[in-house]
Undergrad: 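If you scroll down you'll find the structure; I have some questions about it.
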Amino acid sequence: MYKPEAENIIVVKDLVKKFGSFIANDHLNFEVKKGEIFGFLGANGAGKTTAIKILCGLSYPTSGSLNVGGFDIYREREKIKKNIGYMSQKFSLYDDLSVFENIRFYAGIYGLRRKVIEKRASNLMIKLDMKEARDMLIRDIPLGWKQKLAFSVAIIHNPKIVFLDEPTGGVDPVTRRQFWDMIFEASREGITVFVTTHYMDEAEYCDRVSIMVDGKIAALDTPEKLKSIYGAQSMNEVFLKLARIKVE
Amino acid sequence: MSSIQVEHIAKHFTRVKALDDISFSVGKGELFGFIGPDGAGKTTLFRILTTLIVPDQGIATVNGLDVVKDYRKIREDIGYMPGRFSLYSDLSVEENLNFYATVFGTTVAENYDLIRDIYVQIEPFKKRKAGKLSGGMKQKLALCCALIHKPSVLILDEPTTGVDAVSRLEFWEMLKRLKNSDITIVVATPYMDEASLCDRVALIQDGKIMTISTPSEVMKKYPNSLFSVKSDDIFSLLNDLRKFPDVHTVFAFGQAAHVSFKPGQDSGEGLQNYLQVKGHSGLTISPVRANIEDCFMELMMK
């Protein structure tokens with residue numbers, strides 16, 4: 001939920017990232033509020049992945065100041081990593097480990113203790129209605145379950161922020177919606193959600209949406225406001241109006 | 001004559017039944033879409049049609065040629081764009097195109113007409129290595145390479161997956177133009193909104209075709225009464241709607257929720273009142289026509 005008065009959980013000031021002469025991120029400025037669902041949209045090659053890598057502490061900016069979860073991107077990258085969760089469509093769970101082993105693996109990486117892991121794992125199995133699947137290999141469970149499990153594992157350590165990089169690509173329409181139910185719930189519990197997607201109906205579910213074009217943030221506001229500013233019926237129209245101008 | 005004829009195809013892998021009794025036909029010059037999520041069996045089906053794997057059961061023909069017996073001949077007749085980018089990353093745009101033309105015993109010049117509209121968009125980058133192109137440009141190059149031998153049937157496996165909304169739109173505009181060249185096009189996509197751009201579609205899930213028809217017929221066959229409901233708080237709205245008596249399904253659709261009632265059930269009477277009592281503000285409730293995604297989800301329930 002977006003509350004203008006809420007504390008900033010991400011603050012980005014004048015973020016620039018260059019690769020040689022190519023400017024991938026060109027003076028990005030934005031803030032994300034605690035508990036907000038923040039949609040980070042843009043055409044392929046607009047610079048989204050570059051920015052996300054920096055926000056996750058995986059890459060340094062060329063210049064600019066960034067604070068993520070209360071930590072400085074230059075001096076406190078390891079603290080940032082401990083306080084965020086990450087999930088992408090491409091890589092999430094280990095196929096040849098069981099459901100429980102995956103949970104234990106991820107929770108272990110974040111330094112959770114064995115007893116805590118046991119407890120969270122069994123709570124999770126109940127919550128996801130997956131008790132009978134505990135010892136099944138990931139490759140043998142349905143895609144919808146994998147999807148929910150991947151998200152739950154990404155927030156198993158109660159991070160302040162979870163980054164979701166195209167989490168619903170290729171997923172069936174029912175599972176896609178169930179996934180958003182989980183996102184809404186996490187946001188209600190105070191976890192900030194930073195999400196990219198190519199499904200424009202999902203952009204409507206975000207509290208605020210930023211749209212990147214050619215390395216710059218071309219627009220940032222609530223879906224309602226963006227639609228009224230651009231005289232559009234849907235976020236799809238807004239996106240097409242903004243992103244169509246450019247040809248690489 | 002139909003371009004593609006498939007009868008009772010089945011395919012198993014060790015752990016899964018990928019295709020289960022699939023039958024359909026695609027007419028010459030038709031733009032035919034397979035709409036379904038990952039794991040539905042689209043890629044397995046396309047690999048059978050492109051003679052890369054053999055079905056366990058059933059018969060499939062392309063231009064009247066059998067996919068098992070006549071595979072060599074079929075390979076000359078079809079263009080295939082696999083789901084995963086499979087051009088040579090360390091060859092340039094131009095080199096990739098020449099390579100594909102040469103493999104099929106032709107030249108770029110000979111069939112340039114067919115690809116001109118698409119190629120001009122990537123021509124400024126013809127010296128760039130294919131691996132360094134953006135997603136949208138890779139996809140355009142892959143389409144050029146699949147077309148350069150002037151195939152009569154074009155098979156595209158999820159050409160728009162992971163591609164942004166603008167490039168998706170442009171891609172479909174290209175496909176529409178190609179249809180005018182009398183090429184039969186079979187395309188797979190997980191994006192439900194792309195269904196309406198096809199002449200006919202098959203909705204596929206778990207290795208089975210749930211329905212085959214024109215997009216408008218599919219939507220017409222939707223059996224329930226459907227309402228679009230908006231309120232200022234979509235999350236609570238979804239939860240409250242799910243508790244409404246006799247409700248059949250509740251799904252989020254962008255800024256609204258779609259609520260369905262089975263035929264003969266209470267059709268949303270009292271919904272307004274119920275939601276007001278729950279404290280919703282900014283309420284609007286209006287009947288709405290089912291789109292392909294509504295239909296897909298309804299068919300999944302069966």
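Throughout, protein chains are lettered first and strands after them, A, B, ... in sequence-line order, and every chain is numbered starting at 1.
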Undergrad: Let me confirm one number: the OG1-CE distance from A:Thr175 to B:Met300, rounded to the nearest 0.5 Å.
TA: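 Between A:Thr175 OG1 and B:Met300 CE, I get 5.5 Å after rounding to 0.5 Å.
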
Undergrad: Just so I know, are the side chains of B:Phe253 and A:Glu204 near enough to count as touching, which here means a heavy-atom distance under 4.5 Å?
TA: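 B:Phe253 vs A:Glu204: side chains apart.
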
Undergrad: Enter the distance from A:Asp172:CG to B:Met297:CE here, rounded to the nearest 0.5 Å.
TA: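 The CG atom of A:Asp172 sits 9.0 Å away from the CE atom of B:Met297.
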
Undergrad: Restricting to non-hydrogen atoms, name the atom on A:His198 and the atom on B:Val163 that form the minimum distance, rounded to 0.1 Å.
TA: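 Nearest heavy atoms, A:His198 then B:Val163: CG-O, 3.7 Å.
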
Undergrad: Near B:Lys17 NZ, under 6.0 Å, is it more than 12 heavy atoms from other residues, nucleotides or ligands?
TA: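 Not more than 12 within 6.0 Å, no.
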
Undergrad: Say you draw a straight line from CD of B:Glu293 to CZ of A:Arg177; how long is it, rounded to the nearest 0.5 Å?
TA: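 B:Glu293 CD to A:Arg177 CZ: 4.0 Å, rounded to 0.5 Å.
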
Undergrad: Looking at every heavy atom in both B:Pro190 and A:Gly170, which two are closest together, and how far apart are they?
TA: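 Closest approach of B:Pro190 to A:Gly170, heavy atoms only: CB-CA, 3.9 Å.
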
Undergrad: Can you confirm whether B:Val166 sits close enough to A:Phe239 that some side-chain heavy atom of one is under 4.5 Å from a side-chain heavy atom of the other?
TA: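 With C-beta onward as the side chain, the pair touches.
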
Undergrad: Can you tell me how far the CD atom of A:Glu224 sits from the CD atom of B:Gln255, to the nearest 0.5 Å?
TA: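 A:Glu224 CD to B:Gln255 CD: 6.0 Å, rounded to 0.5 Å.
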
Undergrad: For B:Arg47, does the CZ atom have more than 12 heavy-atom neighbours from other residues, nucleotides or ligands under 6.0 Å away?
TA: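 No, CZ of B:Arg47 has 12 or fewer neighbouring heavy atoms, counting only those of other groups under 6.0 Å.
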
Undergrad: Of the listed residues (A:Trp180, A:Phe184, A:Tyr199), which shares the most heavy-atom pairs with chain B below a 4.5 Å separation?
TA: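 Between A:Trp180, A:Phe184, A:Tyr199, the count favours A:Phe184.
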
Undergrad: Is it the side chain or the backbone of A:Val171 that comes within 4.5 Å of chain B heavy atoms, both, or neither?
TA: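 Only the backbone of A:Val171 comes within 4.5 Å of chain B.
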
Undergrad: Starting at CZ of A:Arg176, measure out to CE of B:Met192 and round the result to the nearest 0.5 Å.
TA: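 With rounding to 0.5 Å, CZ (A:Arg176) is 8.0 Å from CE (B:Met192).
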
Undergrad: Which bit of B:Phe296 comes within less than 4.5 Å of chain A, counting heavy atoms only: side chain, backbone, both or neither?
TA: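 Side chain only.
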
Undergrad: Against chain A, label B:Asp193 side chain, backbone, both or neither, depending on which of its atoms sit under 4.5 Å from a heavy atom there.
TA: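 Contact with chain A is absent: no heavy atom of B:Asp193 under 4.5 Å.
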
Undergrad: Any chance NZ of A:Lys3 has more than 12 other-residue heavy atoms, nucleotides or ligands included, within less than 6.0 Å?
TA: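 Count not over threshold, so no.
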
Undergrad: Mind ranking A:Met200, A:Arg139, A:Gln178, A:Lys227 by heavy-atom pairs under 4.5 Å with chain B and telling me who comes out on top?
TA: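 The answer is A:Arg139.
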
Undergrad: Just by modelled atom types, is the B:Phe235 backbone N or O under 3.5 Å from a matching donor or acceptor in the A:Tyr205 side chain?
TA: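 No: the side chain of A:Tyr205 does not pair with the backbone of B:Phe235.
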
Undergrad: Side chain, backbone, both or neither: which part of B:Glu158 has a non-hydrogen atom closer than 4.5 Å to chain A?
TA: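 B:Glu158 has no heavy atom closer than 4.5 Å to chain A.
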
Undergrad: At their closest point, which heavy atom of A:Asn236 faces which heavy atom of B:Ala165, and how far apart are they?
TA: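 Scanning both residues completely, I find the closest heavy atoms to be OD1-CB, 3.9 Å.
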
Undergrad: Taking atom CD of A:Glu132 as the centre, report whether more than 12 heavy atoms of other residues, nucleotides or ligands fall under 6.0 Å from it.
TA: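 Buried by this count: over 12 neighbours within 6.0 Å.
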
Undergrad: Are B:Asp233 and A:Arg188 ion-paired here, with the side-chain N under 4.0 Å from a carboxylate O?
TA: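 Looking at B:Asp233 and A:Arg188, the cut-off is met.
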
Undergrad: Measure the spacing between CZ of B:Phe251 and CG of A:Asp181 and express it to the nearest 0.5 Å.
TA: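 Here the interatomic distance stands at 10.0 Å.
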
Undergrad: Please identify, among B:Thr249, B:Leu169, B:Thr189, B:Leu238, the residue contributing the most non-hydrogen atom pairs under 4.5 Å to chain A.
TA: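 The residue among B:Thr249, B:Leu169, B:Thr189, B:Leu238 with the greatest pair count is B:Leu169.
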
Undergrad: Please determine if A:Lys48 and B:Asp164 form a salt bridge, counting it only when a charged side-chain N lies under 4.0 Å from a carboxylate O.
TA: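 So A:Lys48 does not pair with B:Asp164 through a salt bridge.
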
